[in-house]
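Both backbone and side-chain heavy atoms feed into the values below; hydrogens, waters and symmetry mates do not. Since the structure is predicted, the reported quantities are computational estimates derived from the model, not experimental observations.
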Amino acid sequence: MGCLRGIFRIIIIILIVAGFFYFGGPAFIKEKIESYTSPSKEVLMYEEKDFGNIINVSDEYKFQRSITIGKYRKLLVTYAPTGQKISLIDIGDTTTLSQTDFYSTKIDLKLYQLLDSVKNYSVGIQDIEITERGTILAKGKIVPYVNFSAKLKILPLITVKGTLAAYNTKNADDGIVAKVSKAIRQNKEDTTTKIVISAKLFNTYNFEVTRNLIKSISFIGIN
């Protein structure tokens, strides 16, 4: 009797699992996850407004809700036509990196330190070289940047190219501050540096994709 009961339970479980897949259970769960991680632009404009107003950013740029990693808060953007990833990262202060650093030799060292500390990529890079310095006129703010090239630590013969830019904005409200870990929670009037970072293999990286994103973000009314 006990054996039959066990077999019956197994059959019920198999039927439940089969029904879950037959009626599109995995697709439903995937849709729910994506709707949370990648909400509408209107939702993101409110939740992530201390990164800037993204209303004028092309729909080709797909945003995901920010996540907190250590003391950093990262907003990931994907340029859909090519898959190029761009991260907007709130580094929690204005001393780790400031806009003035881009106009001095400090940026060379701080670039190394940032790429190592924010852990934005699954593989490490080395032999970083700044190849270009400049500014981008975004809507309401001048954003300094540097372009760089580097070697992969695990495959030194492979080169990557990328961009690092930075701007300062005030944290917008307590709803956004609540996303930051308690250890570094900031007052809503505090100003922090947001960095923009993107990199891909040498021949596939497109600086214009990163530049156009920065140009489309409005900082008017942010600080």
Side-chain angles (χ1 to χ4, degrees), residues 30 33-34 37-39 41 44 48 51-52 54 56-91 96-97 99 101-102 106-139 141-167 193-217 219:
K30 180 182 178 182
I33 292 174
E34 289 180 349
T37 58
S38 303
K41 184 178 287 187
L44 284 166
E48 314 293 355
F51 282 103
I54 62 172
N56 294 312
V57 176
S58 166
D59 289 338
E60 291 183 321
Y61 293 90
K62 306 301 181 183
F63 289 77
Q64 293 184 5
R65 258 194 181 100
S66 65
I67 58 173
T68 300
I69 305 174
K71 77 169 190 173
Y72 303 119
R73 186 162 59 92
K74 180 168 78 170
L75 182 66
L76 181 64
V77 188
T78 302
Y79 183 64
T82 63
Q84 183 165 315
K85 307 289 186 183
I86 306 166
S87 293
L88 309 182
I89 303 175
D90 183 351
I91 58 178
T96 302
L97 179 73
Q99 289 183 298
D101 292 331
F102 284 78
K106 289 182 180 179
I107 191 61
D108 298 70
L109 176 59
K110 291 197 172 185
L111 178 58
Y112 266 100
Q113 294 172 335
L114 273 170
L115 292 178
D116 183 59
S117 62
V118 300
K119 303 297 181 186
N120 200 46
Y121 301 99
S122 57
V123 293
I125 58 177
Q126 61 186 3
D127 299 333
I128 303 171
E129 177 186 357
I130 292 177
T131 58
E132 180 185 355
R133 302 168 186 259
T135 58
I136 299 169
L137 181 60
K139 297 180 182 297
K141 184 177 285 290
I142 294 175
V143 179
Y145 74 88
V146 293
N147 287 335
F148 63 87
S149 65
K151 305 287 187 182
L152 295 182
K153 286 184 178 179
I154 58 172
L155 294 169
L157 295 180
I158 296 180
T159 302
V160 297
K161 288 177 64 178
T163 300
L164 175 73
Y167 58 93
T193 295
K194 280 74 174 175
I195 64 172
V196 182
I197 184 168
S198 182
K200 287 189 74 175
L201 294 180
F202 187 85
N203 292 325
T204 60
Y205 178 70
N206 188 340
F207 170 58
E208 291 303 308
V209 168
T210 306
R211 187 171 73 91
N212 288 339
L213 173 66
I214 296 171
K215 285 178 63 176
S216 301
I217 298 176
F219 303 103

Chemist: Just how far is it from atom OG1 of Thr193 to atom CD1 of Ile89, taken to the nearest 0.5 Å?
Modeler: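 Going from the OG1 atom of Thr193 to the CD1 atom of Ile89 covers 12.5 Å.
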Chemist: Which atoms form the tightest heavy-atom contact between Ser149 and Thr159, and what is the distance?
Modeler: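 In this case the closest contact between Ser149 and Thr159 is CB-CG2, 4.3 Å.
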Chemist: Testing Phe207, Tyr167, Phe102 one by one against Tyr145 for a ring-ring contact (aromatic ring centres under 6.0 Å, His included), which residue passes?
Modeler: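 Between Tyr145 and the candidates, ring-ring contact (aromatic ring centres under 6.0 Å, His included) is satisfied uniquely by Phe207.
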Chemist: Give, for atom CD of Gln64 and atom NZ of Lys85, the distance between the pair rounded to the nearest 0.5 Å.
Modeler: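 Between Gln64 CD and Lys85 NZ, I get 6.5 Å after rounding to 0.5 Å.
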Chemist: Should we count NZ of Lys110 as having more than 12 external heavy atoms under 6.0 Å?
Modeler: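 More than 12 within 6.0 Å, yes.
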Chemist: Between Gln84 (side chain) and Asn206 (backbone), is there a donor-acceptor pair under 3.5 Å?
Modeler: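 Checked: pair present.
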Chemist: Determine, for Glu48 against Arg73, whether the closest basic-nitrogen to carboxylate-oxygen distance falls under 4.0 angstrom.
Modeler: yes
Chemist: Please check this pair: side chain of Ser58 against backbone of Glu60, looking for a donor-acceptor N/O pair closer than 3.5 Å.
Modeler: yes
Chemist: I need the minimum non-hydrogen distance between Leu111 and Phe148, along with the two atoms involved.
Modeler: CD2-CB, 4.0 Å
Chemist: Leu137 and Lys215: which non-hydrogen atoms are nearest, and at how many Å?
Modeler: O-CG, 3.9 Å
Chemist: Check whether any side-chain heavy atom of Thr163 lies under 4.5 Å from a side-chain heavy atom of Tyr205, and answer yes or no.
Modeler: yes
Chemist: Pair Leu164, Ile195 - check side-chain contact (heavy atoms from CB on, under 4.5 Å), show working.
Modeler: CA-CA 7 Å; Leu164 175 73; Ile195 64 172; 4.1 Å; yes
Chemist: Salt bridge or not for Lys151 and Asp127, using N-O below 4.0 Å?
Modeler: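 No, Lys151 and Asp127 are not salt-bridged.
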Chemist: Just verifying a value: how many Å separate Lys161 NZ and Asn203 CG, rounded to the nearest 0.5 Å?
Modeler: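 Between Lys161 NZ and Asn203 CG, I get 8.0 Å after rounding to 0.5 Å.
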Chemist: Could you go through Ile217 and Leu88, starting from their C-alpha distance and side-chain angles, then the distance that decides it, and tell me whether this counts as side-chain contact (heavy atoms from CB on, under 4.5 Å)?
Modeler: CA-CA 11 Å; Ile217 298 176; Leu88 309 182; 4.2 Å; yes
Chemist: What pair of heavy atoms forms the shortest contact from Thr210 to Ser198, and how long is it?
Modeler: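 Smallest interatomic distance, heavy atoms only, reads OG1-CB, 3.5 Å.
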Chemist: Say whether, by atom type as modelled, one donor and one acceptor occur between the side chain of Tyr61 and the main chain of Val209 under 3.5 angstrom.
Modeler: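 Looks like yes, one N/O pair under 3.5 Å.
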Chemist: Evaluate the criterion salt bridge (charged side-chain N to carboxylate O under 4.0 Å, His left out) for residue pair Asp101 and Arg133; output intermediate values, then yes/no.
Modeler: CA-CA 11 Å; Asp101 292 331; Arg133 302 168 186 259; over 6 Å; no
Chemist: What closest approach, in Å, do Gln99 and Val143 show between heavy atoms, and which atom pair accounts for it?
Modeler: NE2-CA, 4.4 Å
Chemist: If you compare all heavy atoms of Tyr72 against all heavy atoms of Ile91, which two are closest, and at what distance to 0.1 Å?
Modeler: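 Distance-wise, the nearest heavy atoms are CD2-CA, 3.4 Å.
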Chemist: Can you check whether Asn147's main-chain N or O pairs, donor with acceptor, with Thr131's side chain at less than 3.5 Å?
Modeler: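 Side chain of Thr131 to backbone of Asn147: a pair is present.
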Chemist: What distance separates Leu97 CG from Lys194 NZ, expressed to the nearest 0.5 Å?
Modeler: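 One finds 13.0 Å between CG of Leu97 and NZ of Lys194.
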